[in-house]
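Some notes on the structure that comes next.
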Number of protein chains: 2
Amino acid sequence: MVATDVRESLLKAALKLFAEHGSRGATTRRIAQEAGVNEVTLFRHFPNKQALLHAALRAFAEQTPYLRLPDTPRDLAAELEVWARDHHKHLYKLRALIRTSMGEFEENPEQCKQAMCVSISIANKLTDYLTTAQRAGLVSPDFTPSAATAMLMGTLFGDAMGRDLMPERYPYAMRDAITHYVQLFLRAIGAREVK
Amino acid sequence: MVATDVRESLLKAALKLFAEHGSRGATTRRIAQEAGVNEVTLFRHFPNKQALLHAALRAFAEQTPYLRLPDTPRDLAAELEVWARDHHKHLYKLRALIRTSMGEFEENPEQCKQAMCVSISIANKLTDYLTTAQRAGLVSPDFTPSAATAMLMGTLFGDAMGRDLMPERYPYAMRDAITHYVQLFLRAIGAREVK
DNA sequence: ACAGCAAGCAAGTAACCACTTGCTTACAAC
DNA sequence: GTTGTAAGCAAGTGGTTACTTGCTTGCTGT
């Protein structure tokens, strides 16, 4: 096992245990065990536990793939549905990590914000997309794009975070949910039908 | 100081420290100190720390006031705006507690679900309201009420949780935000204008 | 005046935490 | 064949945690 492998597996283990147990619950012993590495080795690669968690979150944020959204909107219904489906899938997959990060905001604002900067850039892209669509006359001119972004992203976020926590509130399958949300959203922004 | 006062202040202190630091960060020492009480007294009132946190969360969930929404919808725009404003205010005030509870879901599902049951009953009332409005022909018949509920509540939830965390994503004041969201939502469900 | 109860206080226990030290093993380069 | 490097391992340090014990203080009802 090469040095980079050890480092990689430590980062991976730290991220997993952080998502499941928070920074206090992700002890160095458990991280080392999960990584299949001696605890002392952990401290040879990182100066302290906080630096390890920090590196793990940053490495993860950097490798997050960017979702595509056309520069020039054509078929809003189709394009938004694909985007919403991908985004929701992404949120749902990372729900434990996101919940834990947000839960530790009061204690660790910097670390939390670092994890959230991905969400900001995604929101900016969607806002740009909606602004362009508005200028092109594809949607109603009387709504605020950033508010509409907050609406669609909030809807997907709430679903992804709450679905396993409160199944009673989501009595429809995940794939149907996105269709519902996008249809409601299209009418909210006054999108004209395209064939 | 009477015995009930001590108990009350312990519950209050436990809730505050739990919201700010999570269950691991809310140590019995700090809880006792925050409550202005000796640490031993804490263990005279509660068998252990978990029981205290449990009681604190339950007492809080029980005292949560119920939001009003008319049984028979009349002026959807006005009624939903009042409701949304109240609900958002409530979520925003409790954002730290909600984030922490959700963040500990993987570790403590029962405790978390207990805190979330309030949200479920709120969602049910909104869904009932929308269903009634749909039957009365006040809104479009072609959307799923529970999905629309998820949309409005998700939007408010995302705003309340993310506003202090990612201010860049919410470049408008809180009072304007609700107006934007409700207007978008009204058009999403095909609400007819009422004067 | 006195009994009972609720709280304070000092101290201690056993477990766990992050992190360190000293030493050994294995491999790879020159 | 020696040297450098990365890892393992056992043990330990000092601090913190939940929780306990024994004893003292102060208020209350009778």
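Below, chain A is the first sequence line, B the second, and so on; all start at residue 1.
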[N] [atom2] sits how many Å from [X] [atom1], rounded?
| X | N | atom1 | atom2 | value |
| --- | --- | --- | --- | --- |
| B:E39 | D:dC19 | CD | P | 10 Å |
| B:R24 | C:dA18 | CZ | P | 10 Å |
| A:Q33 | D:dG8 | CD | C1' | 15 Å |
| A:I31 | C:dC17 | CD1 | P | 11 Å |
| A:L10 | C:dA18 | CG | P | 14 Å |
| A:R44 | C:dG22 | CZ | P | 13 Å |
| A:N38 | C:dC23 | CG | P | 17 Å |
| B:L42 | C:dG8 | CG | C1' | 14 Å |

Selection from [options] that lies nearest to any side-chain heavy atom of [X]:
| X | options | answer |
| --- | --- | --- |
| B:T28 | C:dG8, D:dA18, C:dA10 | D:dA18 |
| A:V40 | C:dT20, C:dC19, D:dT21 | C:dT20 |
| A:T27 | C:dT20, D:dT21, C:dA18 | C:dA18 |

Note: with side-chain heavy atoms under 4.5 Å as the link, the other cluster members for A:Y92 come out as A:M174
Fellow cluster residues of B:V82, listed by chain then number, with links counted only when side-chain atoms sit under 4.5 Å apart | none
It should be established whether [X] places a side-chain nitrogen or oxygen under 4.0 Å from OP1 or OP2 of nucleotide [N].
| X | N | answer |
| --- | --- | --- |
| B:T41 | C:dA7 | no |
| A:R29 | C:dC17 | yes |
| B:H45 | C:dA7 | yes |

Give the intermediate values and the outcome of ring pair (Phe, Tyr, Trp, His ring centres under 6.0 Å) for residues A:F143 and B:H180.
-> CA-CA 7 Å; A:F143 70 87; B:H180 288 322; 9.6 Å; no
Among A:H88, A:H87, A:E81, which residue meets the side chain to side chain donor-acceptor pair (under 3.5 Å) test with A:R85?
-> A:E81
Could you tell me whether B:D142 and A:R187 make a salt bridge, using a distance below 4.0 angstrom between a side-chain N and a carboxylate O?
-> yes
